[in-house]
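None of the values given here were measured: they were computed from a predicted structure. Letters go in sequence order (proteins before strands), and every chain restarts at 1.
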There are 2 protein chains.
Amino acid sequence: MSEPYDKGDTFCPSYHHAVEMIGKRWSGVILRELLLGASRYSQLRSAIPSLTDKMLAARLQELEAEGMVTRTVVDSVPVRVEYALTDKGRDLEATITVLSEWADRWYPDGPDRPV
Amino acid sequence: MSEPYDKGDTFCPSYHHAVEMIGKRWSGVILRELLLGASRYSQLRSAIPSLTDKMLAARLQELEAEGMVTRTVVDSVPVRVEYALTDKGRDLEATITVLSEWADRWYPDGPDRPV
DNA sequence: CCGCATCCAACTGGATACTG
DNA sequence: CAGTATCCAGTTGGATGCGG
């Protein structure tokens, strides 16, 4: 990661895909909530106030298609839906932890007041 | 990161800002190239083939405004411009490394062929 | 070499209302 | 509870061309 610059070793598609998937609007926040233990749709909703139904539902579908989460309908009344991280999704924990630490280091008072 | 879910401990603005900044289109890739040693505008251009001038210039301005990179005009003919990571930008190395490893683990053959 | 200006089609996502 | 439907303004970013 710190050797002399090699012109050949460029444009990494896997990393590219990964960083823009977790960085897509709300996705990173949703994944973090799931890592923190949220599992129900309504938990996610109330955990992230400015997130609308439309966005949450859309992102969860995308994350499911990416193999990051599973969706399980619990047949009760009223219906509940449980979302759970897959191994792949849970494996992001290290990344999200390290990035959270970075954020705390450089935005201890929130993003509007950088260090 | 793995304790029982606490409804209060939600919506982290610093992390939210961070993840969507590095996840914005091309930003993560540009930061990675800078970490790998790229410094000139033209290096970044040729390192990332599908990245246009417009996008590269725009992202570099945003990253500069975020305090992630510095921009230095070298007064030669023709003009060169050097981009360098700030401490804040360099401090992202751990995150990008860990995420790259995740990507290699789950997309060893590229994002179109997940494990 | 390093951009910026313009045009423009496509996508995004907020508001609001409604369903099983 | 857990979504979907519709509308629509705003943003995005590719293409192309020009300028210091």
Side-chain angles (χ1 to χ4, degrees), chain A residues 5 7 10-11 13 16-17 19-31 33-34 37-66 68-85, chain B residues 5 7 10-11 13 16-17 19-31 33-34 37-66 68-85:
Chain A
Y5 185 58
K7 291 179 296 181
T10 53
F11 189 65
H16 188 189
H17 178 78
V19 71
E20 293 182 9
M21 174 179 54
I22 75 164
K24 193 161 178 178
R25 191 140 210 231
W26 300 115
S27 294
V29 177
I30 292 169
L31 288 170
E33 289 302 324
L34 290 169
S39 58
R40 302 243 312 280
Y41 182 90
S42 53
Q43 276 181 313
L44 293 167
R45 281 279 345 241
S46 56
I48 314 169
S50 36
L51 173 57
T52 63
D53 272 335
K54 180 180 174 181
M55 280 296 93
L56 178 54
R59 288 300 173 263
L60 285 170
Q61 282 188 18
E62 290 174 11
L63 291 173
E64 195 185 0
E66 290 278 359
M68 307 290 290
V69 306
T70 57
R71 178 179 184 278
T72 312
V73 178
V74 180
D75 208 356
S76 56
V77 225
V79 161
R80 270 186 303 140
V81 182
E82 303 273 359
Y83 291 90
L85 292 167
Chain B
Y5 184 58
K7 291 179 295 182
T10 54
F11 190 65
H16 188 190
H17 178 78
V19 70
E20 293 183 9
M21 174 179 54
I22 74 165
K24 193 162 179 178
R25 192 143 208 231
W26 300 116
S27 293
V29 177
I30 293 170
L31 288 169
E33 289 301 324
L34 291 169
S39 56
R40 303 242 312 280
Y41 182 91
S42 54
Q43 276 182 314
L44 293 167
R45 281 280 344 240
S46 56
I48 314 169
S50 37
L51 173 58
T52 63
D53 271 337
K54 181 180 173 179
M55 280 295 94
L56 178 53
R59 286 301 172 262
L60 286 170
Q61 281 189 18
E62 290 173 12
L63 291 173
E64 195 186 358
E66 289 278 0
M68 307 289 291
V69 306
T70 57
R71 178 180 185 275
T72 312
V73 178
V74 181
D75 208 354
S76 56
V77 223
V79 162
R80 270 186 304 139
V81 182
E82 303 272 359
Y83 291 92
L85 292 167

Ignoring hydrogens, what is the shortest heavy-atom contact between B:Ala38 and B:Leu44? Give both atom names and the distance. CB-CD2, 3.9 Å

Side-chain N or O of B:Ser76 closer than 4.0 Å to phosphate OP1/OP2 of C:dC1: no

Return the value, rounded to whole Å, for the distance between atom CG of B:Asp75 and atom P of C:dC1. 16 Å

Taking all non-hydrogen atoms of both residues, which atom of B:Val69 and which atom of B:Leu60 are closest, and how far apart? CG2-O, 4.0 Å

Nucleotide D:dA15, atom P - distance to CG of B:Leu51 in whole Å: 12 Å

Any donor-acceptor pair, under 3.5 Å, between the side chain of B:Lys54 and the base of C:dG3, if you only look at N and O atoms? no

Return the value, rounded to whole Å, for the distance between atom CD of B:Glu20 and atom C1' of D:dT12. 15 Å

What is the distance from CE of A:Met55 to C1' of C:dT16, rounded to the nearest Å? 15 Å

When you match A:Gln61 and A:Val79 each to their closest nucleotide on DNA chain D, which lands nearer the 5' end? A:Val79

Tell me: CG of A:Asp53 to P of C:dA15, nearest whole Å? 12 Å

Give me the atom names and distance for the closest heavy-atom approach of A:Trp26 to A:Ser50. CH2-OG, 3.5 Å

With a cut-off of less than 4.0 Å, is there a side-chain N or O of A:Gln43 near OP1 or OP2 of D:dC1? no

Where the side chain of A:Lys24 is defined as all heavy atoms beyond and including C-beta, which of C:dT12, D:dC1, C:dC1 is the nearest nucleotide? C:dT12

Just checking B:Arg45: base, sugar-phosphate only, or nothing, at a heavy-atom cut-off of under 4.0 Å? nothing

Between A:Glu82 and A:Arg71, does any side-chain N to carboxylate O distance fall below 4.0 Å? no

Nearest-Å distance for atom pair CZ/P, residues A:Arg40 and D:dC1: 8 Å

Taking CD from B:Glu64 and C1' from C:dG3, how many angstroms apart are they, rounded to a whole number? 13 Å

Side-chain donor/acceptor of A:Arg80 to backbone N/O of A:Ser42, under 3.5 Å: no

D:dG13 phosphate, OP1 or OP2, under 4.0 Å from B:Arg59 side-chain N/O: yes

Should B:Arg80 be listed as having a side-chain N or O under 4.0 Å from OP1 or OP2 of C:dC2? no

Is there a side-chain contact between B:Arg25 and the phosphate of D:dG14, meaning an N or O under 4.0 Å from OP1 or OP2? yes

From CD of B:Glu82 across to C1' of C:dC1 the rounded distance in Å is 12 Å

C:dG3 phosphate, OP1 or OP2, under 4.0 Å from B:Tyr83 side-chain N/O: yes

Between D:dA15, C:dG14, C:dT12, which nucleotide has the shortest distance from any of its atoms to the side chain of B:Thr52? D:dA15

